S.K.: 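Here it is, the structure, as C-alpha cells.
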Number of protein chains: 2
Amino acid sequence: MPETTETTILAAAKKVFIKKGYAGARMQAIADEAGINKAMLHYYYRSKEKLFRVVFEQAMMGLIPKLDEALSGNGSVVEKLEKVVRAYVAHIQENEHLPLFVLHEIAQNRIEFIASMKSKAARFPNFPQFFMQIIQEQEAGKIRAILPVHLLLNILGMVVFPFIAKPVFCNVIEIPEADFDSLMKDRADVIVDFMKNALTP
Amino acid sequence: MPETTETTILAAAKKVFIKKGYAGARMQAIADEAGINKAMLHYYYRSKEKLFRVVFEQAMMGLIPKLDEALSGNGSVVEKLEKVVRAYVAHIQENEHLPLFVLHEIAQNRIEFIASMKSKAARFPNFPQFFMQIIQEQEAGKIRAILPVHLLLNILGMVVFPFIAKPVFCNVIEIPEADFDSLMKDRADVIVDFMKNALTP
DNA sequence: CTTTGCACTAACCATTTGGTTAAACCTTTT
DNA sequence: AAAAGGTTTAACCAAATGGTTAGTGCAAAG
C-alpha cells in the first residue's frame, strides 16, 4: 500500500482513536501523530465523525470476518471454537487497545451505522447455524449441555478480557508488565485446554 | 443517607461519568442530571478531575473488597471462585456500565492515584495467598493444572465480558435486549458449572 | 431587627476544540 | 514558460466547555 497523505492520516487516526476513544481523541493529536497540518484531516475526511467512522469500520472488519471464517466450514464445535480463540488472541495481541475501543464505542451508541456495516461485510458469521450445530453435538452426547449463547460468551470472555484488563492486573494487582505479556503467549493454549475440559460430557 | 445537594451531585456524577467516561462526560450534563446549577459542582468538588476521582474511587471500592471477601476465609478454590462469580454478577447487574467504565479509565492511565486507593482500601485481596492455595489443591490432585493467573483471568473474563459486550450482542448479532437480559439471570449458574467441569482433574 | 455565614444562581471568562479560508506550493499539462 | 489543478499551510472563527465571580436568598446567631 502506498504511503500517501491520506493513508498516513488514517494510520494516525487509528492509533489515536483506538487508544483514546472518540471523545478523548483530539483532531490536533491525530494531525501531530501524522506529522501534518490539521486542515489536512478535514481536506481528506471532512469531519471528526467521518474520520472516526472509517477507523471504526475497519476495526470491525478486522474482527467480524475472522469469526465467520472460524465458524463456517466442516469442523466440530470444539475445533471451530479453537479457531476462534487462536485467531482472536493473535489478532488482539497486535493491537491491545482494539477490544476496549470497539466495546466502549458500541456501548456509547455512537453506532447507528452498524446495520450498514453488516451489509458491507463480505463475511458475516451465521450464528443460528453454529448454535444449531452446538445443540446437535450436545444431543449426540459429544459435548456437555450449555446454552450456545452462554458458551460463546464464555469463550469470547476468556479471550478478550485479559487484554482489556491488563492495566488492572499490572497497576492494581501489580504484576510486572513483562510477566503479564509472557503469560499472554500461552493464553490461547490455556483457553483451548480449559474449554475442552469444560465441554467434556 | 440524607439527600443533600452534595450527595445529589455525586449520584448524578456517577451516572454520567460511568455511562460516558471521563472524556465524554460534560459538567453541564451532570448539573442537569442533578437538577442544579453547574457552579454547584465546583462549589462542592472544585473541579471535574476531583469529582471524577471521588466517583472512580467509590466505583473501585465497590469492587475490590468483594474480591477479598470471596477469596479470604476457609473455603476451597472452587467455593471461593463461586463466591467471586456470584458476588460480581449480582453487583454488575445493578450497574451494567460499571465494568467498562473502570476498565476504560484505567486503560487511559488517568489513575496515578491507584496506589493511594490501595492504602485506603479497608480490604484488599491477598492474591499470592490465594494463588498458593490453588497450587496446593492442584498438587493434591483436587483440581486440574492451570496457572493461577490464567484461572483468575478465565473466571473474571466470563463474569465481566457479557456485560460489556451486551451492546454488541444486541446490536450486531441482533439478540433482543429482553432475551439477553433473561439469559443473564442464569449467568452465574452457567459460569459456576462451566468452571467446575473445566477444573475437574 | 441586624448581622453573619453558608447555599445557591445568573452571567461571565478563558481556553480548548472542531472546523474554515485564503493564499502559497508543487507537479503536470499545454 | 505559463496555466491549471490538486495539495498543503498558517491564520482564523465560532461553538463548546471547564471554571469563576459577584451578588441574592435565607436561616441561625447576636
Side-chain angles (χ1 to χ4, degrees), chain A residues 1-59 97 101 104-105 107-113, chain B residues 1-59 97 101 104-105 107-113:
Chain A
M1 42 191 121
E3 215 182 84
T4 66
T5 301
E6 197 173 344
T7 61
T8 305
I9 290 174
L10 186 57
K14 273 181 182 165
K15 204 165 172 181
V16 174
F17 273 131
I18 291 179
K19 189 172 171 193
K20 311 278 250 180
Y22 180 86
R26 299 284 161 256
M27 294 297 267
Q28 188 59 59
I30 296 174
D32 292 348
E33 176 71 38
I36 48 107
N37 190 288
K38 183 166 64 89
M40 284 286 88
L41 305 186
H42 295 93
Y43 180 78
Y44 283 104
Y45 293 93
R46 299 287 300 276
S47 70
K48 185 183 182 182
E49 181 105 13
K50 296 252 176 59
L51 178 53
F52 172 81
R53 192 176 290 227
V54 177
V55 171
F56 183 84
E57 244 176 66
Q58 292 199 6
H97 295 287
F101 167 71
H104 183 257
E105 297 305 334
Q108 296 304 312
N109 245 32
R110 208 177 301 296
I111 332 281
E112 344 67 51
F113 54 91
Chain B
M1 44 193 120
E3 215 181 83
T4 66
T5 302
E6 197 173 343
T7 61
T8 306
I9 291 173
L10 186 56
K14 272 180 184 165
K15 205 166 171 180
V16 174
F17 273 132
I18 290 177
K19 189 170 169 195
K20 312 278 251 180
Y22 180 85
R26 299 284 161 256
M27 293 298 268
Q28 189 60 57
I30 296 173
D32 292 348
E33 175 71 38
I36 48 105
N37 189 289
K38 184 166 64 91
M40 284 287 89
L41 306 186
H42 295 93
Y43 181 77
Y44 283 104
Y45 294 94
R46 301 285 302 273
S47 70
K48 185 183 183 183
E49 180 106 11
K50 295 253 176 59
L51 178 53
F52 172 81
R53 192 176 290 226
V54 176
V55 171
F56 183 83
E57 242 174 67
Q58 292 199 5
H97 294 288
F101 167 71
H104 184 257
E105 296 305 333
Q108 295 305 313
N109 245 36
R110 209 177 301 297
I111 333 281
E112 344 64 52
F113 54 89

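Protein chains get the first letters and strands the later ones, always in sequence-line order, with residue 1 at the start of each. Being a predicted model, the structure only gives us computed values, none of them experimental.
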S.K.: Report the distance from atom OH of A:Y45 to atom C1' of C:dG19, rounded to the nearest whole Å.
M.R.: 17 Å
S.K.: Keeping the roles fixed (side chain from A:Q108, backbone from B:K19), state whether a donor-acceptor pair exists under 3.5 Å.
M.R.: yes
S.K.: Determine: side-chain N/O of A:T5 to OP1/OP2 of D:dT7, distance under 4.0 Å, yes or no.
M.R.: no
S.K.: How far does CD1 of B:I30 sit from CZ of B:F17, to the nearest 0.5 angstrom?
M.R.: 4.0 Å
S.K.: Kindly state which residues belonging to residues 29-44 of chain B come within less than 4.0 angstrom of DNA chain D, counting heavy atoms of the residue only, listed by number.
M.R.: B:K38, B:A39, B:H42
S.K.: Determine whether a donor-acceptor pair (N or O, by modelled atom type, separation under 3.5 Å) exists between the side chain of B:E105 and the backbone of B:Y22.
M.R.: yes
S.K.: Rounded to the nearest 0.5 Å, what separates atom NZ in B:K15 from atom NZ in B:K20?
M.R.: 12.5 Å
S.K.: Kindly determine whether A:T8 and A:I36 satisfy side-chain contact (heavy atoms from CB on, under 4.5 Å), including the steps that lead there.
M.R.: CA-CA 9 Å; A:T8 305; A:I36 48 107; 5.8 Å; no
S.K.: Measure the distance from CD on A:Q28 to C1' on C:dG19 and round it to the nearest whole Å.
M.R.: 12 Å
S.K.: State which residues pass side chain to side chain contact (heavy atoms under 4.5 Å, CB included) with A:H42; sequence neighbours excluded, sorted by chain then number.
M.R.: A:M27
S.K.: Using atom names, set out every protein N or O paired with an N or O of nucleotides 13-17 of chain C below 3.5 Å, distance rounded to 0.1 Å.
M.R.:
residue, atom, partner, partner atom, Å
C:dT17, OP1, A:R26, NE, 2.6

S.K.: Would you say B:K48 has more than 12 foreign heavy atoms packed within less than 6.0 Å of its NZ?
M.R.: yes
S.K.: Measure the shortest side-chain to side-chain distance between B:R53 and B:Y45 over non-hydrogen atoms and say whether it is less than 4.5 angstrom.
M.R.: no
